[in-house]
There are 2 protein chains.
Amino acid sequence: ILESYEAAQGWIVVTIIGAAIGLNAALLNIITEWLSDIKLGYCKTGFYLNENFCCWGEDNGCADWHRWTGFEPVNYVIYIIFAVGVDGMPLCSEIMLTGGQICFSFTAATLVKSYAPYAAGSGISEIKCIIAGFVMKGFLGFWTLLIKSIALPLAIGSGLSVGKEGPSVHYAVCTGNVISRMFTKYRRNASKTREILSACAAAGVAVAFGSPIGGVLFSLEEMSSYFPLKTMWRSYFCALVATAVLAAMNPFRTGQLVMFQVKYDRTWHFFEVVFYIIIGIFGGLYGAFVMKWNLRVQAFRKKYLSNYAILEATLLAAATAIVCYPNAFLRIEMTESMEILFLECEGAEDYHGLCEPDHRLRNVVSLLVATVVRVFFVIISYGCKVPAGIFVPSMAIGASFGRTVGIIVQALHEANPGSVFFSTCQPDVPCITPGTYAFLGAAAALSGIMHITVSVVVIMFELTGALTYILPTMIVVGVTKAVSELFGKGGIADRMIWFSGFPYLDNKEDHNFGVPVSHAMIADVVSIPSTGLTLKAVERLLSKDSYQGFPIVDDENNKILLGYIGRTELCYAAERARKERTLSPLAKCTFAPRTNIEPIPTIYAPATPSSSSAPYGEQHEPDYSTSTQTTIDFSPYIDLTPLSVHPRLPLETVMELFRKIGPRVVLIEHRGRLMGLVTVKDCLKYQFKAEAAEHGEREREMLG
Amino acid sequence: ILESYEAAQGWIVVTIIGAAIGLNAALLNIITEWLSDIKLGYCKTGFYLNENFCCWGEDNGCADWHRWTGFEPVNYVIYIIFAVGVDGMPLCSEIMLTGGQICFSFTAATLVKSYAPYAAGSGISEIKCIIAGFVMKGFLGFWTLLIKSIALPLAIGSGLSVGKEGPSVHYAVCTGNVISRMFTKYRRNASKTREILSACAAAGVAVAFGSPIGGVLFSLEEMSSYFPLKTMWRSYFCALVATAVLAAMNPFRTGQLVMFQVKYDRTWHFFEVVFYIIIGIFGGLYGAFVMKWNLRVQAFRKKYLSNYAILEATLLAAATAIVCYPNAFLRIEMTESMEILFLECEGAEDYHGLCEPDHRLRNVVSLLVATVVRVFFVIISYGCKVPAGIFVPSMAIGASFGRTVGIIVQALHEANPGSVFFSTCQPDVPCITPGTYAFLGAAAALSGIMHITVSVVVIMFELTGALTYILPTMIVVGVTKAVSELFGKGGIADRMIWFSGFPYLDNKEDHNFGVPVSHAMIADVVSIPSTGLTLKAVERLLSKDSYQGFPIVDDENNKILLGYIGRTELCYAAERARKERTLSPLAKCTFAPRTNIEPIPTIYAPATPSSSSAPYGEQHEPDYSTSTQTTIDFSPYIDLTPLSVHPRLPLETVMELFRKIGPRVVLIEHRGRLMGLVTVKDCLKYQFKAEAAEHGEREREMLG
């Protein structure tokens, strides 16, 4: 029974995590909707109801839903106050947690700085690094989860141009981490935990978009440097459970998993591909532009604004509210505006005269303004100290641009219905569907900012169910991808990793340095001779150097490589040896491997400090109880088979080894002798140096 | 310009290949439809038209479409004759190609055996091995492509229980191989070619199902052992081009990419999950059952029927036609029957009274018979010597079983409309949609036979556009996956690889041997000393041993590892040296590396055979023009940095290296000295031995 429990444990853990993520997502959805509507009015029958629930079953508002006043300018002011207030709350929430102090105070700023940094931002870059093996203490802890969960709906509700998808990935991964910690299996095994975290990232996207397969693919394409099929299957399961729980909770009360569903009755025409390409190009340019300027804003923020996080977020919210309210497409929530923009004109209700041919010019201008303003706010908002994603804002921008294109094409067609270009249109029925352009625009912008392809197609597809438009979506995303590759590799998450200087080997980039690994390695390695070192010397080594581990050599002169010992293991062994016996600091340490493949004459090293240190000396009495013993045997802690390579192996191959096999260190060995060692950091250092020499001043200038 | 052409070449090649695959697919679709209909009747206005085109715009047949006779039994006979005839044709087509000899003769059998073997079967297993690096000459050649393309529609049209999807992958990969050979870049670089082949496999599935994203995921999940993002993006592009061309050709004349589109108006209820689980379990059992028995049939076929391939296929076609005609669901083409089974009852035309409550019992029996008979024919047909896939037959089986379950559930509900179990059903409207059960059954069976998950969900989804049913599909596929894992790992493609004995390291399996690599390595390696070997000795080595390469050691006694030389390189170098100069067979060969990291005293080896062979002797005159020279310098051909590992490294890690880095050989080095070497084959040999010891007699008996 124990054995089968052991085997099933992985699935149990994933199920629990999936359910927790689904529950959390459902609650957050409900809270977000309420917060978003409360800015515009309130429900008479119950203040906790949002507009949809208040007016259940009725279209276009109802009597129970009461706008704050009848007078527009006052509504405007109330909208702004709520936005700012709601935005302040996530920052205050930490303070409330720690004892209810006064808002916006110096203490708050201190708390945010010492507490919230991990809850802020999107978190995708950091999670990418963590899944790749980088350790960030506290980033996935319970407090981060709690604060992120509280702050996220508030940040969305504040109307900032930020989305919930990135943070949704973050809280999902936090949930996964917190729950998996409860099981010893995962507390011990970092690689198994990373597998779970990949699955959680998938579930995070799945619940954010109601798109389980899209989530799995996102985790595959964006989050994980190495994604074996087993992880895929786990992600699949986790996303399935999370989405099923979310569906059972039914937070939108539509019975649907997706935020909004669009049905396009008409299909597309081949001549429209021209406009699809325009939209695709826009997506690529949008991504490149936002990434470039957002990084500059980030650099500015890091330099000047790090002490004014609260003030900054509050002012941003105020500015967003002031600027956005007058525009019909910016005023409403982003998902709502997307839903409106995606719609076909026929049959559906008409928001803001979007479908009336007479209002076309007004709509085009309004949409263009919305696009530009939203781009501006995304650039300055993404990265501020509230939980903030960039998925939905990008999609909203793409949608408004796409709809603009769509309306223009429609106008063109109606002006020249007889031209050859439009000849495949059937007469007397509508030919162009501007809503589909908005849909494609959203896909393009999302792909442009994140540099993902297949996941975008699947997410858009699961989001809207527009099956006939899968080919156009693929074309648009393909063009976007091609355009964005012209502006350098890596989406915004990769750029942020680069900007923050995390040690992360990007598997998207093809490096071709053309140099052997010896160029990047550390040559003067501190190595431990297999015998002869005193305990004191070992401890001095540990206290003096901050290396993560030490190669074991036969002796310092011939440097014949025998093995490798990690710093942690060495510390642990030394401490344990110290605890169990009284040891003189002069006790000899042996690091020799216990057995050898070749029959080597075993020389017994007598337990006196003056004994000769035989080259292959072995310690046959690892009995720790005799207190008079003056040698310590570290051999059980030694990795006898560290990965070692020839110094002339190309650096690319070594980086491939790091990415795919994931050792902590690779030793450089030539004819049995230790030549040096490399870690991921050394590779990255070399890479940065090479890149800096290549790009010259350009990049540095960009970050101003 | 040349440089940018070089960079764009990859995309140009992929575009051409994609277009070629799309074109081919469209043509095959048209031919297949016509061949399938000609069995039932012919078109008066033009014999080359199939029923759909003949009766364009009219439902349920028309006057122009003429059944062969008015008398059913005669139709039955004609049906069988055509089936057998059509089935004979693919086998004859080879003969026609080679000069119009008499069908069904001994010559034909010889030709098929020497020619067609590669065009027969599904090909997925072989392509998996080829993408993993295994070389199979001619498997992807032009002749295979031609014969496969001609034979495929004939095989489908013959009514055998085989599908076109597997062969579609095969001809797509052939196309890719043939076209990429035309570019020198790909003729030279095997790894780049494999990338293209992965992309082609994606395009093959994409055109077969009209499911571009599903194709990419299939290539990712099933075909490729290693799938970097760059390949994904290339597959995406190739699938996109192929599908776009197919859509432009519009072979179904429906304007749709998908074979059939289903719209489900009703959503599902949570209580239905119980039945979904039943369907999922069926999928798993179906897969396990078919795999087990199909392998036995294959073993039987290999043993007794290999000389009677034509007769076998003909008899099979005849048997299929005789048995299947009386059953309404077996008579029609498999895709057609699936389309009918997937339909909601409301609104659509009613085939064979499938929707009438009065005919329920008859339909259940008829569907169950169809399921059982089809399973039987799939088992005996898959693997026979015509191009044959197993995707569509599996889906058809799943669909008929699913529909059975659906009808039973519907009957249950109508019998007890008031029970608690069905309480979420709304009264007076239909609650259960049997079509959705058929849909889920198809997904389950496909997943069960191929052991793929995410791709099945996406393919089903793209095939039908049933967005609301994504969660049920995921549940069913999840259950199927869990059940099939109980019956051993790997889908039918993996089993066939195992059965055929191809060297393929499966990345799905987790091996845990717990032994060091030294257990699997070859210890008595034939190595080449760096100096002192005569040309004659080298040639003797080449002619005597069939090793793929030789490690270079300092000298035979100390066995200090210096490098590795591949057999091909050695042959090439020896031949070239022979051609350019007149060499005595006693000319000395040096294999020493040219430069070293360490400053080693360089000893110039004078050009006399009697010169002392210095341990690090170097040859500074690679000038081949002096004909009196009697030493040959092989150093430019040596791999100086072969991957070498410690003998105690766990075997699992070495297998991981093979899978992920893909070296031809891994050398075992201990303290600079060569201990042995391992290849993929050695690992597999050890694995088979270990598995055989584990499973004992079970497996062998199974293959009887």
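What's counted below: heavy atoms across the whole structure, side chains too, no hydrogens, waters or symmetry copies.
How far CG of B:Leu217 is from CE of A:Met232: 6.0 Å, rounded to the nearest 0.5 Å. Atoms CH2 and CD, from B:Trp233 and A:Glu485 in turn, are 7.0 Å apart once rounded to the nearest 0.5 Å.
At a threshold of 4.5 Å between non-hydrogen side-chain atoms, the residues B:Thr243 and A:Ile470 do not count as touching. For the pair A:Leu220 and B:Val454, the minimum side-chain heavy-atom distance is 4.5 Å or more. In this structure the side chain of B:Val457 reaches within 4.5 angstrom of the side chain of A:Tyr236, judged on heavy atoms. Considering only heavy atoms from C-beta on, B:Lys481 stays 4.5 Å or farther from A:Phe237 through its side chain. By the 4.5 Å heavy-atom criterion applied to side chains, A:Ile213 and B:Met474 are counted as neighbours.
Residue contact with chain A, scored on non-hydrogen atoms closer than 4.5 Å, involves the backbone and the side chain of B:Ile475 alike. Contacts of B:Ser455 with chain A are absent, with no heavy-atom separation under 4.5 Å from either backbone or side chain.
Taking both residues in full, the closest heavy atoms of A:Leu471 and B:Ala244 are given as CD2-CA, 3.7 Å, listed atom of the first, atom of the second, then distance.
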